[in-house]
Amino acid sequence: QVQLVESGGGLVQAGGSLRLSCAASRSIFSINAATWYRQAPGKQRELVAQITSGGTTNYVDSVKGRFTISRDNAKNTVYLQMNSLKPEDTAVYSCNARGFMVQGAFVNAWGQGTQVTVSS
């Protein structure tokens, strides 16, 4: 199936920043909308941020004012800019993207996940 490539995770101190990327090859998949999820050990998976095909964004309350989801159509990439990170943001972050293959088929694709760790 179509694969998404995620990057940008890592270890940062509280108050620091990271930018996650979620990209697909434009030759087979054009991203229209995307969602970032996260799951911490022993915790339920939660929806962090999403962007619609029209560019509307939504965020879970705990990250509002700190995280920003965006889409670069030219690069066929979705980003999650994370500022003022807190230890409770520590989790595996995963990207889900929806769009169309060049052949016209609708695609719902998932990334492999990237670890974000925020220290005190």
Side-chain angles (χ1 to χ4, degrees):
Q1 67 168 334
V2 176
Q3 302 289 336
L4 298 177
V5 178
E6 298 175 346
S7 62
L11 173 63
V12 297
Q13 291 185 317
S17 298
L18 288 172
R19 188 182 72 164
L20 307 183
S21 299
C22 175
S25 174
R26 70 168 64 183
S27 66
I28 60 171
F29 178 39
S30 179
I31 296 174
N32 286 341
T35 304
W36 285 97
Y37 297 88
R38 68 184 181 187
Q39 186 168 26
K43 308 296 183 183
Q44 297 180 359
R45 188 179 74 169
E46 68 174 342
L47 190 154
V48 179
Q50 60 185 356
I51 185 167
T52 70
S53 60
T56 300
T57 59
N58 293 286
Y59 304 90
V60 67
D61 286 344
S62 61
V63 309
K64 288 181 179 177
R66 300 188 298 118
F67 290 11
T68 302
I69 187 171
S70 61
R71 179 183 61 212
D72 187 329
N73 291 336
K75 297 180 180 179
N76 206 34
T77 300
V78 176
Y79 302 98
L80 184 66
Q81 178 67 45
M82 304 184 295
N83 298 327
S84 301
L85 283 162
K86 304 175 180 179
E88 51 262 45
D89 295 319
T90 296
V92 174
Y93 286 71
S94 300
C95 178
N96 168 251
R98 285 82 66 192
F100 294 92
M101 301 176 68
V102 293
Q103 299 90 339
F106 179 75
V107 173
N108 185 339
W110 293 84
Q112 76 282 6
T114 184
Q115 177 71 48
V116 171
T117 302
V118 185
S119 65
S120 301

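Model, not experiment: these values are computed from the prediction. Computation of the quantities below employed the complete heavy-atom set of this structure, encompassing side-chain atoms and omitting hydrogens, waters and symmetry-equivalent molecules.
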Practice task
Please state whether the rings of Phe106 and Phe100 are parallel, tilted or perpendicular, taking 30° and 60° as the class boundaries.
Solution key: perpendicular
Practice task
Please answer whether the main-chain N or O of Thr52 pairs with a side-chain N or O of Asn32 as donor and acceptor at a distance below 3.5 Å.
Solution key: no
Problem - N/O donor-acceptor pair under 3.5 Å between Asn76 side chain and Ile31 backbone - result: yes
Heavy-atom pair of closest approach, residues [X] and [Y]:
| X | Y | result |
| --- | --- | --- |
| Gln112 | Leu4 | OE1-O, 3.4 Å |
| Leu20 | Gly9 | CD2-N, 3.6 Å |
| Ser53 | Ala33 | N-CB, 3.8 Å |
| Gln81 | Ser17 | NE2-CB, 4.1 Å |
| Ala24 | Phe29 | CB-CD2, 3.2 Å |
| Ser94 | Glu6 | C-OE2, 3.3 Å |

Practice task
Answer yes if Val92 and Trp36 sit in the same cluster of Ile, Leu, Val, Met, Phe, Trp and Tyr residues linked by side chain heavy atoms under 4.5 Å apart, and no otherwise.
Solution key: no
Handout entry: Pair Asp61 + Lys64: basic N to acidic O under 4.0 Å
Key = yes
Problem - Partner of Tyr79 under side chain to side chain contact (heavy atoms under 4.5 Å, CB included), chosen from Asp72, Thr68, Ile51 - result: Asp72
